[in-house]
Amino acid sequence: MRDIFINCLNKNIESHKNLILMVGDLGYSVIESFQKNYPSNFFNAGVAEQNMTGMAAGIASEGFHVFTYSIGNFNTFRCAEQIRNDIDYHNLNVTIVSVGGGLGYGALGYSHHAIQDYALLRSFPNMTIYSPGTNQQVQNCFEKILKNKSPAYFRLGKVNNNLKFVEDKKTNEGHWVKISKSEINDSKKCILTTGGVIEDAIKMQNSKKYFDYDVYSLPIWGMKYKSLQPNQISKWNEIITLEDHIEDGGFGSYILECNALTENKTKIKVKALNQKVCGMVGSQNEIKKAIKFIN
Amino acid sequence: MKTRPSIILSNYIRAHSLKMVHEANASHIGGSLSISDILAVLYEDILIYDPKNIRYEDRDRFILSKGHCCSALYATLALKDFFSINNLSKFTKFGSDYMSHVSHKVKGVEFSTGSLGHGLPFAVGKALASKLKKKNWEVFVLLSDGELNEGSNWEALMFASHHKLDNLTVIIDYNKLQSLTTIEKTLRLEPLKKKFDSFGCCTFEIDGHNHYQLNKYLSKKFKKRNKPKIIIANTIKGKGVSFMENEIKWHYKSPDKMQLDNALKQIGLEI
């Protein structure tokens with residue numbers, strides 16, 4: 001996903017000369033092509049995420065679109081107040097690009113587990129979360145980010161997923177995208193994902209237990225799009241939300257909150273990472289297996 | 001001898017600031033008084049701006065990082081015709097834009113602050129943007145001394161110096177008092193000039209109430225090529241009102257009517 005993101009930047013910079021890529025001394029073997037070809041649009045802010053984020057707001061306030069790039073928690077939690085006060089409150093055109101979302105860097109330990117980021121970012125009123133689950137969705141999200149010109153959180157998982165889904169081109173703010181239909185017609189049950197867990201949802205659908213669930217994804221969401229959810233939720237009798245984030249405060253919580261605002265009778269179950277993953281080391285697949293993520 | 005216009009402006013800033021804080025029962029008058037001369041010189045002699053066209057592209061950008069002292073900035077902007085002086089009575093009032101930490105919703109304010117350590121990184125971003133756009137406008141940012149405890153400032157200085165942002169002027173309101181006690185008893189800043197110089201900045205230490213010195217050192221002509229400029233402005237918290245000077249309680253307390261009248265009398269303006 002990181003490479004697709006950089007390709008998107010490379011492709012669009014000629015037509016969007018106001019794009020700036022600012023990295024927090026990370027991106028080895030990813031960012032070099034952009035750095036080499038567009039040196040005046042590239043800055044390494046050093047290992048200083050608070051300053052990187054505050055500066056990004058300052059640059060954006062003068063008409064630039066700034067992408068701050070780092071791993072997991074570094075350009076989110078470390079500089080949470082700069083995101084809150086400088087970017088979100090002033091509604092500035094800054095995109096926070098966080099790689100290794102979820103357990104992408106599972107082997108690197110708890111410091112690198114980006115599993116509380118949704119909880120933080122979805123509490124900001126102007127922030128839109130872009131959490132693609134496939135390579136195609138990365139491109140779709142990038143196009144939307146360019147167009148929206150407002151605070152954005154672009155969560156890139158460490159997956160390379162070329163899965164083709166039913167509604168390949170439809171990635172609109174707050175709208176669910178159909179990924180895979182179940183074997184039965186007019187199913188009233190679905191698995192709703194966000195981020196890099198689409199393959200897990202497909203695995204679930206391929207099992208006996210969940211064969212009658214359709215699979216959907218919501219790659220563009222946030223506080224601004226809550227009002228669009230109740231109508232989509234109401235079409236289902238049962239929804240299982242699936243995310244590689246801790247179960248508290250994340251995507252499942254978001255859908256539960258949206259549902260609570262209505263008279264919907266839809267039954268919602270949240271499948272997410274539990275607190276046992278905190279401190280657990282291994283690849284994302286090993287950790288997911290250990291906690292029986294999709295059972 | 002004719003009084004400098006910036007001195008007259010600073011007196012009015014002090015008077016309005018005192019009145020606003022009294023009427024709103026608000027805090028932070030001590031720090032507002034310590035920056036009044038700096039603001040007066042900036043807005044009278046240094047900054048390029050157009051109050052009738054607040055987004056004027058070639059304006060200089062001023063950021064108040066010590067946002068809690070916004071009464072002085074709101075007063076300055078009103079006195080320089082950004083909005084009616086009557087608007088100052090809206091300070092902290094329900095539904096108004098004049099909140100008691102500086103707000104970008106107020107005409108002429110570039111950036112909202114309130115949490116310390118945010119203004120300098122934002123200002124560095126703006127200075128970089130000016131260079132990227134090949135513009136001549138400059139960025140001025142005013143920090144408190146206690147605020148220098150925040151690590152984000154030192155991150156920002158490293159970047160500004162590395163990228164040779166000589167269009168950035170950082171002013172430190174060095175009144176030697178922070179929230180609970182003195183700087184000396186909290187986290188010692190000295191040798192402050194050496195610290196800034198060692199970060200690659202060009203640092204000047206001046207009397208922050210002397211308009212001649214402020215004018216000279218804040219001048220855009222007075223700079224060293226390729227280096228961010230730092231002005232350590234030695235100030236007195238509560239400056240201009242004898243019973244407020246160097247008293248920590250005026251970081252919090254609001255003057256009552258009698259104290260207000262006394263203060264205005266000392267300033268020589270009974271507005």
Under 4.5 Å heavy-atom distance to chain A, tell me which part of B/His163 shows up: side chain, backbone, both or neither.
side chain
Taking the basic N atoms (NZ, or NE/NH1/NH2) and the acidic carboxylate oxygens, is any pair closer than 4.0 Å for A/Asp244 and A/Arg155?
yes
Just by modelled atom types, is the B/Asn226 backbone N or O under 3.5 Å from a matching donor or acceptor in the B/Asp166 side chain?
yes
Using non-hydrogen atoms and a 4.5 Å limit, figure out which bit of A/Asn44 sits close to chain B: side chain, backbone, both or neither.
backbone
Ranked by heavy-atom pairs below 4.5 Å to chain B, first place among A/Asn51, A/Ile59, A/Ile20 goes to A/Asn51
Whether the B/Ser152 and B/His118 side chains hold a donor-acceptor pair (N or O, under 3.5 Å, no angle test) is what I'd like checked.
no
I need the residue from A/Glu81, A/Glu62, A/Gln50, A/Glu49 with the largest number of non-hydrogen atom pairs under 4.5 Å to chain B.
A/Glu62
A/Leu92 versus chain B, the contacting section by heavy-atom distance below 4.5 Å
side chain
A/Glu173 with A/Lys224: basic N within carboxylate O range, under 4.0 Å:
no
Any luck finding a side-chain donor-acceptor pair between B/Lys223 and B/Asn167 under 3.5 Å?
no
Any idea which of B/Glu155, B/Glu110, B/Lys133, B/Met158 has the most non-hydrogen atom pairs under 4.5 angstrom with chain A?
B/Glu155
Tell me which one of A/Tyr153, A/Phe251, A/Trp221, A/Tyr254 satisfies ring-ring contact (aromatic ring centres under 6.0 Å, His included) with A/Tyr118.
A/Trp221
Under a 4.5 Å heavy-atom cut-off, does chain B meet the side chain of A/Phe43, its backbone, both or neither?
side chain
